[in-house]
Amino acid sequence: DSTECGAYTSAISCQKCKEGWVVPQAPLQCQAEWACDKCGQISTLDEVENTVEKIKKYIEKIPEKDVNKLENFLKIAENILHPNHCLLLGVKKNLFSLYGSAPGLQLQQLSPAQIER
């Protein structure tokens with residue numbers, strides 16, 4: 001299933017229509033083309049891997065305990081990757097561990113809006 005049972009953990013946003021998700025056409029074939037699930041725009045595996053690799057390198061440059069930079073990264077990256085993309089899930093997991101434990105982010109110091117997000 002190209003959507004990974006609806007999880008979209010490897011999907012990237014379509015740069016053509018801006019509404020769909022680019023997913024593999026034949027998920028069990030290593031070199032399969034990828035296509036937008038809305039407009040059908042085709043992307044090569046290399047194009048998808050290059051996008052993901054650039055984002056991965058960007059993540060590696062962010063200090064792992066810098067909550068503001070991690071949150072700002074998520075706002076930007078969710079325009080490129082599906083919100084459930086495995087790279088974003090890793091950043092979110094890191095943020096979850098920081099909320100409630102990092103200085104200035106203990107539970108009693110968080111606003112309702114911060115807790116909600």
- Item | Spacing of Glu33 atom CD and Glu47 atom CD [to the nearest 0.5 Å] | 9.5 Å
- Just one of Glu4, His82, His85 clears the side chain to side chain donor-acceptor pair (under 3.5 Å) bar with Ser10, so which one? Glu4
- What distance separates Cys39 SG from Gln15 CD, expressed to the nearest 0.5 Å? 10.5 Å
- Check the surroundings of atom CD in Glu19: do more than 12 heavy atoms from other residues, nucleotides or ligands lie under 6.0 Å from it? no
- Message: Please determine whether the number of non-hydrogen atoms from other residues, nucleotides or ligands lying under 6.0 Å from atom CD of Glu64 exceeds 12.
- Response: no
- Message: Please tell me whether Ile55 and Leu89 are part of a single hydrophobic cluster in this structure, the criterion being side-chain heavy atoms less than 4.5 Å apart.
- Response: no
- Message: Applying salt bridge (Lys or Arg N to Asp or Glu O under 4.0 Å), can you list everything that pairs with Glu78, at least two apart in sequence or on another chain?
- Response: Lys92
- Message: So which atom in Val48 and which in Ser43 form the shortest heavy-atom distance, rounded to 0.1 Å?
- Response: CG2-CB, 4.1 Å
- Note on the structure: Correct closest heavy-atom pair for Pro24 and Ser2 would be O-CB, 2.8 Å
- Message: Does Leu98 form a side chain to side chain contact (heavy atoms under 4.5 Å, CB included) with Lys65? I'd like the steps, not just the answer.
- Response: CA-CA 7 Å; Leu98 293 171; Lys65 295 190 181 207; 4.1 Å; yes
- Query: Under the 3.5 angstrom rule, does the side chain of Ser13 hit a backbone N or O of Asn79 as a donor-acceptor pair?
  - Reply: yes
- So which heavy atom on Lys38 is nearest to which on Gly20, and how close? CG-CA, 3.2 Å
- Message: Do Val23 and Leu87 land in one hydrophobic cluster if side-chain heavy atoms of ILVMFWY residues count as linked below 4.5 Å?
- Response: no
- Query: How long is the gap from CG on Asn94 to OH on Tyr99, to the nearest 0.5 Å?
  - Reply: 10.0 Å
- Enter the distance from Leu81:CG to Thr9:OG1 here, rounded to the nearest 0.5 Å. 11.0 Å
- Hey, quick one: are Val52 and Ile42 part of the same hydrophobic cluster, counting side-chain heavy atoms closer than 4.5 Å, chains of contacts allowed? no
- To the nearest 0.5 angstrom, please state how far the CD atom of Gln41 sits from the SG atom of Cys14. 6.0 Å
- Item | Cluster link Ile76 to Ile59, ILVMFWY, side chain under 4.5 Å | no
- Task: Answer with yes or no whether the hydrophobic clustering places Leu45 together with Ile80; edges join I, L, V, M, F, W, Y residues whose side-chain heavy atoms lie under 4.5 Å apart.
- Result: yes
- Message: So, taking the atom named CG in Asn68 and the one named CD1 in Ile62, what distance separates them when rounded to the nearest 0.5 Å?
- Response: 11.5 Å
- Relative to each other, are the rings of Trp21 and Tyr8 parallel, tilted or perpendicular (30° and 60° limits)? tilted
- Message: For the residue pair Glu53 / Thr51, report whether a side-chain donor-acceptor contact shorter than 3.5 Å exists.
- Response: no
